[in-house]
Enquirer: 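Sharing a structure with you now.
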Amino acid sequence: MSTQSSGAGPGDGPSAGAAAAAGGYPGGGAGAAGDAWETVIGLEIHVQLSTRTKMFCGCEVTFGEPPNTRVCPICLGHPGVLPVTNEKAIEYATRIALALDCRIADRTIFHRKNYFYPDLPKAYQISQYDLPLGIGGHLDVELEDGALLRIGITRVHLEEDAGKLVHAGGASGRIAGADYSLVDFNRGGTPLVEIVTEPDISTPDQARSFLTQLRSLVQQLGVSDVNMEEGSLRCDANVSVRHPGQPLGTKTELKNMNSFRFLHRGLEAEIERQRGSLEAGERIVQETVHFDPATGRVSTLRSKEEAHDYRYFPEPDLPPIELDAEYVERVRAGLPELPAARKERLMGRYGLPPKDAALLAANKPLGDYFEAVAAITGDPRMSANWVLGDLSAYLNTSGLDVADCPVKPPALAEMLGLVLDGTLSGKMGKEVFEAMAETGRDAKSIVAEKGLGQISDVGALDAVVARIVAANPGPAEEFRQGRDKVLGFFVGQIMKETRGQANPQLVNELLRKHLVGR
Ligand SMILES: [Zn+2]
């Protein structure tokens, strides 16, 4: 259920879709305050699993290989072949379902979803229908203002991906205007998990926050590379608008959003289109729509299939899957620490503010980096500030992953140690960090080479302060008369004399001693 050829699938079936949750809608409009429309959004997310082999055959799961080189009679749908369920795919799907707090069905079966399209050689997709693997979970999503929004998960089920059509000759790469189309079956039969949410989302921002956090969760489970550009994470949205208190409006399905930005822009455009139509007295037709990022417009792909159009029936070639409690508990025990739990732990153990904890929990390598630095420095707040500040900024600009960062946690921790013991000011620390990132060298050798380092030697500074106070009797007298501002003048003089390397706190103490202390 992943290509233009397929419809909304089981999301339109007996248990899901906007119609299922009229009572659970949390309210809230999508637009400016005071406008009379509210938006209801439910998402369907497809995750390609990173198993070694396909869902029902032994072909390798790959990306970017020459077309039609990872195929066999089973995934090509030749007559007389028998599919065999990939055990790893069941384990991965169970992991996702458990991480979303779903109940795991004790008995689940596959169905055939029948439709004809050139990327589907069997003319049916093996999917799940009324007995999905996971049911009734939720994900608590942190919104941009820090509030939590619980988004219900209707179902999590397993299915196989279709092949990929390449439309050639046209400018857009879409079927309209193409001279001919080619099909690559390498992707056909790749295991997919479909996650269907309740229609608990009411703005494009919330949809984006949900997808971002779901992506991070699935990534941390180690079951998919969740690469949106390569299509291993794809998102469809069911959208409708209504006046508050009214029954749900007719929904449309916005297909195949392949980036967070397109999801946001596509939703905005579709909400706008639906409101405009309704305000003009038109009716919304239940249909599948496509958002074109180039024009910013939404267009109809086709009228929407109903579940009965697919003539679902149980797949006769595959046995039911019965996951016993022991299996489920074994998978649950193997789950890594999930972002929500890690955020709580980072706040509790290190005293980090919620926002910092959420950022570090959402990005596993960065969170691990932070914990390694904090363990050495013993100052978690400062370590978090550096990891989320200078280090993240450097990674963004350089385009490097945390793993490839030339400054490893012990090296950053060593530099922070120099800031903590007063050898470096915070500002000098930034300079040293930049040099470390650029050269891969350690902090101490850079400090020595550049002659950096604060003057924290009391004896050396004391002499400078004494000399400057003696040389400026006028201002010194003013200070004694109570003009505190004169202190700034002295600090300036001392910094000039020491080329900015005097430890400011020490300068302050010494100045007060020399000006009034005796
Ligand atoms: Zn195959």
Side-chain angles (χ1 to χ4, degrees), residues 1-7 9-10 45-96 108-129 132-133 156-168 181-195 218 222-227 229-234 256 310-321 323:
M1 223 228 60
S2 50
T3 66
Q4 290 197 352
S5 61
S6 55
I45 295 98
H46 286 93
V47 178
Q48 253 182 13
L49 299 181
S50 51
T51 50
R52 193 178 57 79
T53 55
K54 291 185 181 180
M55 188 69 224
F56 300 111
C57 66
C59 291
E60 262 182 280
V61 171
T62 54
F63 181 83
E65 295 296 324
N68 299 308
T69 57
R70 297 297 188 272
V71 291
C72 74
I74 296 173
C75 54
L76 288 176
H78 288 192
V81 297
L82 281 175
V84 177
T85 308
N86 184 333
E87 196 183 332
K88 204 75 188 167
I90 292 175
E91 184 194 323
Y92 283 6
T94 306
R95 269 196 221 176
I96 292 177
T108 175
I109 62 168
F110 287 103
H111 269 75
R112 287 189 183 179
K113 179 182 179 180
N114 298 278
Y115 65 92
F116 177 77
Y117 207 69
D119 62 6
L120 192 70
K122 294 197 296 281
Y124 62 84
Q125 177 193 30
I126 303 178
S127 181
Q128 295 197 282
Y129 184 50
L133 185 127
V156 170
H157 76 244
L158 262 171
E159 60 188 25
E160 58 177 338
D161 209 344
K164 200 172 187 169
L165 288 177
V166 179
H167 303 297
S181 298
L182 299 168
V183 63
D184 176 7
F185 289 116
N186 283 354
R187 194 180 71 177
T190 297
L192 284 184
V193 161
E194 179 172 332
I195 300 162
V218 173
V223 297
S224 170
D225 62 16
V226 291
N227 184 329
E229 276 165 28
E230 293 181 1
S232 34
L233 183 77
R234 309 192 282 265
N256 288 331
Y310 291 117
R311 302 171 347 268
Y312 279 101
F313 65 86
E315 164 61 65
D317 290 340
L318 288 167
I321 301 166
L323 303 176

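In each ligand, atom 1 is the first atom listed, and ligand 1 is the first ligand listed.
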Enquirer: With the side chain counted from C-beta on, respond yes when R187 and Q48 share a heavy-atom pair under 4.5 Å apart, and no when they do not.
Expert: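 Heavy-atom side-chain distance check passes, below 4.5 Å.
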Enquirer: Provide the closest heavy-atom pair for A93 versus L158 in the form atom of the first, atom of the second, distance.
Expert: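 Nearest pair, atom of A93 first, then L158: CB-CG, 3.7 Å.
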Enquirer: Just by distance, with hydrogens left out, do S232 and D225 show a side-chain donor and acceptor under 3.5 Å apart?
Expert: yes
Enquirer: Just grab all the salt bridge (Lys or Arg N to Asp or Glu O under 4.0 Å) pairs involving residues 75-91, residues at least two apart or on different chains.
Expert: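 Listed by first then second residue: K88-E91, E91-R95.
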Enquirer: Distance only, no hydrogens: is a donor on one side chain within 3.5 Å (strictly under) of an acceptor on the other, for S127 and H111?
Expert: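 Absent: no donor and acceptor within the cut-off.
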Enquirer: What count do you get for protein N, O or S atoms closer to the Zn ion (ligand 1) than 2.8 Å?
Expert: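 There are 4 of them.
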Enquirer: Under the side-chain contact (heavy atoms from CB on, under 4.5 Å) criterion, do Y92 and V47 qualify, and how do the steps go?
Expert: CA-CA 11 Å; Y92 283 6; V47 178; over 6 Å; no
